[in-house]
Amino acid sequence: MTIQIDISRYKNLAIEAHDDGVWVVTLNRPAKRNALDIDTIEELIEFFSAAPRAGVRAVVLAGSGDHFCAGLDLIEHHDQDRSPADFMHVCLRWHEAFNKMEYGGVPVIAALQGAVVGGGLELASSAHIRVMDQTAYFALPEGQRGLFTGGGATIRVTDLVGKSRMIDMMLTGRVYQGQEAVELGLAQYIVEGSSFDAALEVARKAARNLPLSNFAICSAVSHMQNMSAMDAAYAEAVVAGIVNTQPDARARLAAFADKSAARVRPNT
């Protein structure tokens with residue numbers, strides 16, 4: 001069942017659909033360095049809930065202005081003066097949004113510039129691929145703010161950089177940038193020019209894959225990481241059985257067999 005996404009409904013996200021199935025989703029609060037308020041989180045939930053059923057083949061997630069995302073909207077948090085229960089439910093909505101991204105089955109490529117900080121890093125770590133430019137910097141300043149991460153950093157960022165570095169980032173506010181950030185796994189690509197242009201190129205490459213293959217890559221791998229080795233091996237076999245026999249793959253397999261398909265070559 002295919003559904004339609006009404007982009008006019010979105011106020012904090014600027015959304016653009018391209019003809020090749022790539023959609024661009026831009027955090028659109030530049031005056032706030034794209035800090036995440038609850039309305040933005042709800043829009044992320046709405047979009048990424050609909051994307052797999054709306055023919056979205058890949059998403060570029062970007063931030064307007066000079067920064068990707070500076071994290072939790074601390075002004076909103078201060079003004080709301082939430083109770084512990086209230087903020088717990090805010091965090092659960094963040095988890096809902098980020099889980100829709102990671103497990104939804106549509107490739108999400110984040111284009112990172114400027115601040116990728118706190119909840120902004122939690123958001124970026126929910127993307128499948130992260131492309132940074134030379135201005136991007138990563139930090140978890142929660143310790144200095146009297147806060148604790150609530151949007152999945154203890155899970156996803158720890159997976160990327162390891163427990164010790166994650167704790168160091170939170171305790172000291174340590175900032176990572178440049179090639180060091182790539183080597184730690186905070187991003188997979190670093191570019192001299194526009195991270196958006198590079199992310200769009202990656203998204204277009206991913207969008208050319210069969211949707212069922214992408215769905216498996218962008219959902220099953222994460223699920224399998226949560227399983228025991230034996231359960232993951234069984235799940236992998238089941239998913240491979242479905243994906244590797246899909247009718248739409250026959251033409252691609254035939255092209256490989258008759259040597260008309262492009263071969264994998266080393267980079268030159």
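Being a predicted model, the structure only gives us computed values, none of them experimental.
The backbone N or O of Ile38 sits nowhere less than 3.5 Å from a side-chain atom of Asp73 that would complete a donor-acceptor pair. Glu96 contributes no side-chain N or O that, together with a main-chain N or O of Ile41, makes up a donor-acceptor pair within less than 3.5 Å. Checked by atom type and distance alone, the side chain of Arg29 pairs as donor or acceptor with a backbone atom of Ala35 at under 3.5 Å. Without hydrogens or angle criteria, Gln177 side chain to Ala136 main chain gives no donor-acceptor distance under 3.5 Å. Glu42 contributes no side-chain N or O that, together with a main-chain N or O of Ala97, makes up a donor-acceptor pair within less than 3.5 Å. Side-chain atoms of His128 never come within 3.5 Å of backbone atoms of Ser219 as a donor-acceptor pair (strictly under, hydrogens ignored). Counting only distance, with no hydrogens or angles, the side chain of Glu122 and the backbone of Ala153 share a donor-acceptor pair below 3.5 Å. Between the side chain of Asp168 and the main chain of Arg174, no donor-acceptor pair closer than 3.5 Å is present. A donor-acceptor pair under 3.5 Å is formed between the side chain of Gln144 and the backbone N or O of Leu171. The backbone N or O of Ser195 lies less than 3.5 Å from no partner atom in the side chain of Gln113, so there is not a single donor-acceptor pair.
Here the side chains of Lys32 and Ile75 are in contact, with some heavy-atom distance below 4.5 Å. No side-chain heavy atom of Glu43 sits less than 4.5 Å from a side-chain heavy atom of Thr40. Contact annotation: the side chain of Cys69 approaches that of Leu36 to within less than 4.5 Å [non-hydrogen atoms, C-beta and beyond]. Within the 4.5 Å cutoff, side-chain heavy atoms of Val56 are placed close to those of Ile5.
Closest of all the heavy-atom pairs between Gly118 and Pro141 is N-CD, 3.9 Å. Minimum interatomic distance between Phe196 and Ala62 (heavy atoms only, all atoms of both residues): CD1-CB, 4.1 Å. Between Ala139 and Gly173, the shortest heavy-atom distance links the atoms CB-O, 4.4 Å. Between Arg57 and Asp20, the shortest heavy-atom contact is CD-O, 3.8 Å. Residue Met132 comes nearest to Ala181 through the heavy atom pair SD-CB, 4.0 Å, listed as atom of the first residue, atom of the second, then distance. In terms of heavy-atom proximity, Val131 sits nearest to Ala198 at CG1-CB, 3.7 Å.
We find that Glu76 and Arg82 are joined by a salt bridge, their nearest charged nitrogen and carboxylate oxygen being less than 4.0 Å apart.
Few gaps surround OH on Tyr103; more than 12 heavy atoms of other groups in view lie less than 6.0 Å from it. Residue Asp66 places its CG atom among 12 or fewer non-hydrogen atoms of other residues, nucleotides or ligands, all under 6.0 Å distant. The environment of CZ in Arg9 is sparse: at most 12 heavy-atom neighbours from other residues, nucleotides or ligands sit within 6.0 Å.
Linking ILVMFWY side-chain heavy atoms closer than 4.5 Å, directly or via other members, places Trp23 and Phe215 in two distinct hydrophobic clusters. Met101 and Val22 are assigned to two separate hydrophobic clusters, defined by single-linkage of ILVMFWY side chains at heavy-atom distances under 4.5 Å. When hydrophobic clusters are built by joining Ile, Leu, Val, Met, Phe, Trp and Tyr residues whose side-chain heavy atoms come closer than 4.5 Å, directly or via intermediates, Val60 is not grouped with Ile15. Note on Leu210 and Val221: separate hydrophobic clusters, where clusters join Ile, Leu, Val, Met, Phe, Trp and Tyr whose side-chain heavy atoms are under 4.5 Å apart, directly or indirectly. Leu184 and Ile129 sit in two unconnected hydrophobic clusters of ILVMFWY residues. Membership requires side-chain heavy atoms under 4.5 Å apart, directly or through other members.
Atom CG of Leu160 and atom CD1 of Ile155 lie 12.0 Å apart (nearest 0.5 Å). Atom CG of residue Leu13 and atom CG of residue Asn34 lie 10.0 Å apart, to the nearest 0.5 angstrom. For the atom pair CG of Leu112 and OG1 of Thr135, the computed distance is 9.0 Å after rounding to the nearest 0.5 Å. Taken to the nearest 0.5 Å, the CG atom of Leu123 stands 10.5 Å off from the CZ atom of Arg130. Residue Leu121 holds its CG atom at 11.0 Å from CZ of Arg156, rounded to the nearest 0.5 Å. Expressed to the nearest 0.5 Å, how far CG of Asp86 lies from NE2 of His77 amounts to 11.0 Å.
A donor-acceptor pair shorter than 3.5 Å can be found between the side chains of Ser213 and Gln246. With no hydrogens or angles considered, no side-chain donor-acceptor pair links Asn28 and Thr26 at under 3.5 Å.
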Would you check, one step at a time, whether the test side-chain contact (heavy atoms from CB on, under 4.5 Å) holds for Met170 with Met166? CA-CA 6 Å; Met170 293 180 68; Met166 164 74 174; 3.4 Å; yes
Any chance you could lay out the side-chain contact (heavy atoms from CB on, under 4.5 Å) test for Leu27 and Asn12, step after step, and finish with the verdict? CA-CA 6 Å; Leu27 305 174; Asn12 293 336; over 6 Å; no
Tell me, with the steps shown, if Phe87 and Gln80 meet side-chain contact (heavy atoms from CB on, under 4.5 Å). CA-CA 10 Å; Phe87 195 70; Gln80 290 289 322; over 6 Å; no
Between Phe48 and Val59, is a side-chain contact (heavy atoms from CB on, under 4.5 Å) present by the stated rule, with each step listed? CA-CA 10 Å; Phe48 283 103; Val59 172; 4.1 Å; yes
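Of the candidates Val243, Val239, Ile217, Asn244, Leu212 forms a side chain to side chain contact (heavy atoms under 4.5 Å, CB included) with just one, namely Val243.
Between Tyr137 and His67, the two ring planes are perpendicular [angle over 60°; tilted spans 30° to 60°]. In this structure, Tyr10 and Phe47 have perpendicular ring planes: the angle between them is above 60°, well past the 30° mark.
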